[in-house]
Amino acid sequence: QVRMVESGGGLVQAGDSLRLSCAASGRAFSSNTMGWFRHAPGKEREFVASISWSGGRTDYADSVKGRFIISRVRDMNTVDLQMNSLKPEDTAVYYCAADAYALRPVTGRTSREYDYWGQGTQVTVSS
């Protein structure tokens, strides 16, 4: 059974940093695209960042570009999201996700490209 577990969320002030981690188990994702999405109250779930299987290609939503950094440790089946200069509008539940198909050419930006999801971790940024 595949499990993806996020950690690292919390309550911080604007301008602070947080590092989210996602640990996947049950199968290997070393050749799969992985990503982060977020869901804020009253809004649709939105793309945050993605990383290719090799880690050589990363992509970010415009709203987080320059502030967030996605990284992965392939052999450890983990993907992290370093969030800097946090803003109140970053408040949301953050989810990690993984594509089930190795080496599949995906944009990484749409939720339908992902097959496995974590349960989410809450990030709250106060002003």
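Every heavy atom of this structure was used, including side-chain atoms; hydrogens, water molecules and symmetry mates were not. Given the structure is predicted, the values throughout are model-derived calculations rather than measurements.
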message: Can a donor-acceptor pair be found, under 3.5 Å and without considering hydrogens, that links the side chain of E6 to the backbone of C96?
response: yes

field: Sequence-distant partners of R19, side-chain contact (heavy atoms from CB on, under 4.5 Å), two or more places apart
entry: S71, D80, Q82

message: Less than 4.5 Å apart, side chain to side chain, heavy atoms only: is that true for D99 and M34?
response: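 No, every pair of side-chain atoms sits at 4.5 Å or beyond.
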
- prompt: Do W53 and F29 come close enough that some side-chain heavy atom pair is under 4.5 Å?
  reply: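 Contact flag for W53/F29 side chains = no.
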
Could you tell me which residues satisfy salt bridge (charged side-chain N to carboxylate O under 4.0 Å, His left out) with [X], sequence neighbours excluded, listed by chain and number?
X: R27; value: none
X: R3; value: none
X: D16; value: none

field: Path from V12 to M83 over hydrophobic side-chain contacts below 4.5 Å
entry: yes

query: Taking only residues two or more places apart in sequence or in another chain, which ones pass side chain to side chain donor-acceptor pair (under 3.5 Å) with R57?
result: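 Side chain to side chain donor-acceptor pair (under 3.5 Å) check on R57 returns nothing, list empty.
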
When the side chains of residues 40-50 are checked against the rest of the protein, which donor-acceptor pairs come out under 3.5 Å, sequence neighbours left out?
{"from": "E46", "atom 1": "OE2", "to": "R38", "atom 2": "NE", "distance (Å)": "2.6"}
{"from": "E46", "atom 1": "OE2", "to": "R38", "atom 2": "NH2", "distance (Å)": "3.1"}

field: SB check K65 D62 (cutoff 4.0 Å)
entry: yes

- request: Give the ring-plane orientation class for Y95 versus W117, where under 30° counts as parallel, over 60° as perpendicular and anything between as tilted.
  value: perpendicular

